[in-house]
Amino acid sequence: MSALTEDRATEQMEGELLYFPVAVGAVIYGGALVALNTEGFAQPGASAPDLTAAGMATQRVVNTGDEGELYIEVRRGRAFKFENDPSDPVSQAHLLQPCYMVDDQTVTASDGDGALSVAGQVVDVEDDGVWVFIG
């Protein structure tokens with residue numbers, strides 16, 4: 001394919017609300033930062049490498065059954081306010097930079113030398129939290 005030389009009607013998929021199968025044993029609370037593990041199952045955000053930020057849980061899901069037995073609705077494509085890690089806080093200097101998952105409600109400024117996964121892009125920092133775009 002070559003580069004465009006005129007407007008293109010690009011197809012789109014609605015991506016604001018998505019549904020992901022939940023990892024066995026996972027307890028994901030409404031409002032939590034949700035991550036996908038390396039097998040593609042949803043779990044709470046955590047201090048771990050190799051997670052993919054999925055978005056924010058719209059409700060609580062407790063999967064006591066098999067892997068992927070339950071699904072969780074996740075909102076993405078917008079900014080969400082999470083707690084700022086006091087030990088390595090996100091600051092104004094991090095605007096439009098990535099921040100990293102500490103747990104299912106906290107983000108931090110650095111990746112811990114590769115030990116943490118990206119939560120999303122910092123779009124604002126307030127006294128009571130960090131606005132993180134996950135999209």
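Side-chain atoms are counted along with the backbone in the values below, which use heavy atoms only and exclude waters and symmetry mates.
- Hydrophobic clustering, defined by side-chain heavy atoms of Ile, Leu, Val, Met, Phe, Trp and Tyr closer than 4.5 Å, groups Ile134 together with Leu33, Leu51, Met56, Phe80, Phe82, Val90, Leu95, Met101, Val107, Val122, Val125, Val130, Val132.
- Within the 4.5 Å cutoff, the side chain of Leu17 has heavy atoms near those of the Thr58 side chain.
- Ser91 is linked by a side-chain hydrogen bond (donor to acceptor under 3.5 Å, both in side chains) to His94, counting only residues two or more places apart in sequence or in another chain.
- Cluster partners of Phe41, using a side-chain heavy-atom cutoff of under 4.5 Å among ILVMFWY residues and allowing indirect links: none.
- Under the rule for a side chain to side chain contact (heavy atoms under 4.5 Å, CB included), the partners of Val62 that lie at least two apart in sequence or sit in another chain are Val27, Arg60, Thr64.
- We find the CG-CG distance between Leu116 and Asp50 to be 11.5 Å, quoted to the nearest 0.5 Å.
- Heavy atoms only, all atoms of each residue included: Pro98 and Val118 are closest at CB-CG1, 4.1 Å.
- The two residues Ala23 and Asn63 make their nearest non-hydrogen contact at O-ND2, 3.4 Å.
- Applying the side chain to side chain contact (heavy atoms under 4.5 Å, CB included) criterion to Val61, with sequence neighbours excluded, gives Val22, Gln59, Leu70, Ile72.
- Contact record, Ile28 with Ala57: CG2-CB, 3.8 Å, taken as the closest heavy-atom pair.
- Considering every non-hydrogen atom in both Gly114 and Pro49, the closest pair reads O-CB, 3.6 Å.
- Here the side chain of Asp66 pairs no donor or acceptor atom with the backbone of Glu69 at under 3.5 angstrom.
- Judged by distance alone, the side chain of Thr108 and the main-chain N or O of Tyr100 form no donor-acceptor pair under 3.5 Å.
- Nearest heavy atom pair, residue Ala53 against residue Ala119, reads CB-O, 3.2 Å.
- Listed by first and then second residue, the side chain to side chain donor-acceptor pair (under 3.5 Å) pairs that reach into residues 111-133 are Lys81-Glu126, Lys81-Asp128, Glu126-Trp131, sequence neighbours excluded.
- Not a single donor-acceptor pair under 3.5 Å links the side chain of Arg76 to the backbone N or O of Glu16.
- When all heavy atoms of Leu36 and Ala54 are compared, the pair lying nearest together is CG-CB, 4.1 Å.
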Determine whether Glu83 and Thr106 satisfy the following criterion, side-chain hydrogen bond (donor to acceptor under 3.5 Å, both in side chains), listing intermediate values before the conclusion. CA-CA 4 Å; Glu83 299 293 321; Thr106 311; over 6 Å; no
